[in-house]
Novice: 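Here's a structure for you.
Below, chain A is the first sequence line, B the second, and so on; all start at residue 1.
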There are 2 protein chains.
Amino acid sequence: MEGSRSGDALRAAQMYYLQDLTMNAIARELRTSRSTVSRLLAMARETGLVQIQVNNPSERAPALEQHIRRRFGVEAHVVPVADSVSDSDVLDRVAIQAARTIGPLVDSNAIIGVAWGSTLSAVSHHLTRKQTHDSTIVQLNGAGNTQTTGITYASEILRRFGQAYGARVEQFPVPAFFDHAGTKTAMWEERSVRRILDLQRRMTMAIFGVGSVGSVGSGIPSHVYSGGYLDREDLEALENDAVVGDVATMFFRADGTHRDVLLNGRSTGPDLDELRRVGRRICVVSGESKIHGLRGALAAGLATDLILDEGSARRLVHT
Amino acid sequence: MEGSRSGDALRAAQMYYLQDLTMNAIARELRTSRSTVSRLLAMARETGLVQIQVNNPSERAPALEQHIRRRFGVEAHVVPVADSVSDSDVLDRVAIQAARTIGPLVDSNAIIGVAWGSTLSAVSHHLTRKQTHDSTIVQLNGAGNTQTTGITYASEILRRFGQAYGARVEQFPVPAFFDHAGTKTAMWEERSVRRILDLQRRMTMAIFGVGSVGSVGSGIPSHVYSGGYLDREDLEALENDAVVGDVATMFFRADGTHRDVLLNGRSTGPDLDELRRVGRRICVVSGESKIHGLRGALAAGLATDLILDEGSARRLVHT
DNA sequence: ACCTCTTCTGCACGTTTGTGCAATCCGGTT
DNA sequence: AACCGGATTGCACAAACGTGCAGAAGAGGT
């Protein structure tokens, strides 16, 4: 009767996915062209009208996932990827699957902390829409940096999350690192900052990647280590502190400790003890260079859910 | 690593549905042919590895469904079907969509009562598999009839349900109608029968169609009225009692009453008061001839969920 | 009314997907 | 070892599908 766009999309989706009609048949019933139906269906998928879930019966879940769960105490989602695939393709595919895995976990009234970085950026491009009420996306750590595109970069990521889930977005308008720990202390008393910190304390979900210092010189260093956020001195300090990686610019060692890492006093990321209080903490990892950082993050118990590519999963287990 | 059939199916499903790879790409990664991948995916869908759901945002759910919910107090699932489609195609499409709508509602530890008839038969052909623990399918009303294929017919339906959900199947080994009400009373004391009745009392879900006597002579009468279950005398008795339809061979009038319908004393279907105690009662209806029976069933409050074709939904509302 | 800018539509084409069929593989039996 | 029946594979072809493009249809503005 009515021909509203999303009404048609719903009808088309039902006919296609629930009745197994072909697009041609649907086009005839809706009195339009097949290509329009194709587009309606695409829209239905993107807007979350249609949800496709792949659930692995946990009994015989892939050995890798079970193994990781037992050994590290996190729910693992291994993204199947053949070894031959290039690193940037791996990232893409992990990101797509991560986005679709996260979707169903997002509730109404959620407060979702989101970090920034190349991994999260990739994820943010593939989020599937899902309508929620009264949800908030909050930035986990500052990003205004001294050099380049940091701000738009981080805010783009947040904006995409906000749009996908129909949520308010709260940016954290501070640099990634302060130059002086004292400035941080001062800023932390500011009302504008306290509002964000308060939101962070009430997070119901956090989503982040990991940075990894890698075996020195070998790996591709993650953003923080190469992006001009830190100068030579800082990097030396990290080495002295035996840091292996970071989550939202909070650094930790291989054994998971982070308390007396010097740089953390100037970082704007959430204290890791506080992060650990969040109910659902999703860590997305792609690529072999991240493995050391990931180990540290797991030792620190930062994640409840881990989404990673098959290669990394293997390496994580086999040693 | 391993190449187990269902393991590959899971990998393929993840790559296809979560990573948007083409079957060709997947075939290369799994070192097999594209056609095999196509078949793996088909299997993943059939076995419930992949679940696709279409959710209509209840705010702006199609007006028809809202209207039906308000007026009749049941959750309506209207199956979109153009008017031009033939009756048997409508049945097919309602059946497919019904099967996929029921799927997600089935839990472990469920006791599911299932009726028989052409509608349920059609539904049973399209069930998507779903693994559950400790569930039971129980036959709602007897089917052994005096003439023909009744037994295999009903038991086939039950078998399909049982297989789809990995559930035990409990048949009800009695005829649809007794010739003498006394025999029923006697049988109802038998232990074998009481076991079934006990299960029925503990049902968590019931699935049934409706029979409809239609405007005399016009509609296609449903099985019960044409299948040789009832003789001329019985049919006259029904007419005298102003019966408009039945659910699981229990008859009722347009106003929903059923107490003193003579034939019910000899029917093996569940008493309607008892049926109404079941938590989830799903009624599947297709085709215009059912409309009178459906009205009665709704008046009697027999269903909590109603799955029906668009044409019937319109007719139900517009008058 | 006219123009402009945007959104939507159907076509045409290349790509992707389903499936009948013959060949092959595999497990069990004689 | 030879045989057999059923399951599984890849091929080849037809059907179904996605998408760039050019034109149509709307929405606004002057």
Novice: Would you mind reading off the distance between A/L40 atom CG and C/dT7 atom P, rounded to a whole angstrom?
Specialist: 17 Å
Novice: A/M43 CE to D/dT19 P: how many Å, rounded?
Specialist: 16 Å
Novice: What residues form a salt bridge (charged side-chain N to carboxylate O under 4.0 Å, His left out) with A/E75, not counting sequence neighbours?
Specialist: A/R69
Novice: For B/Y17, check side-chain hydrogen bond (donor to acceptor under 3.5 Å, both in side chains) against everything at least two apart and list the hits.
Specialist: B/R45
Novice: Taking salt bridge (charged side-chain N to carboxylate O under 4.0 Å, His left out) as the definition, give me every residue that meets it alongside B/D89, ordered by chain and number, with sequence neighbours left out.
Specialist: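 Once residues adjacent in sequence are excluded, B/D89 has no partner under the salt bridge (charged side-chain N to carboxylate O under 4.0 Å, His left out) criterion.
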Novice: Report the distance from atom CG of B/D20 to atom C1' of C/dT15, rounded to the nearest whole Å.
Specialist: 15 Å
Novice: Regarding A/R70 and A/Q66, do their side chains bring together a donor and an acceptor under 3.5 Å, going by distance alone?
Specialist: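 Yes.
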Novice: Would you say A/T32 reaches C/dG10's phosphate, i.e. side-chain N/O to OP1/OP2 under 4.0 Å?
Specialist: yes
Novice: Take nucleotides 13-18 of chain D nucleotide by nucleotide from the 5' end and write B, S or -, depending on whether a protein heavy atom sits under 4.0 Å from the base, only from the sugar-phosphate, or from neither.
Specialist: ---SBB
Novice: Got a sec, which residues hit salt bridge (charged side-chain N to carboxylate O under 4.0 Å, His left out) with B/R100, two or more places apart in sequence or on another chain?
Specialist: A/D20
Novice: Taking salt bridge (charged side-chain N to carboxylate O under 4.0 Å, His left out) as the definition, give me every residue that meets it alongside A/R168, ordered by chain and number, with sequence neighbours left out.
Specialist: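 Applying salt bridge (charged side-chain N to carboxylate O under 4.0 Å, His left out) to A/R168 gives A/D134.
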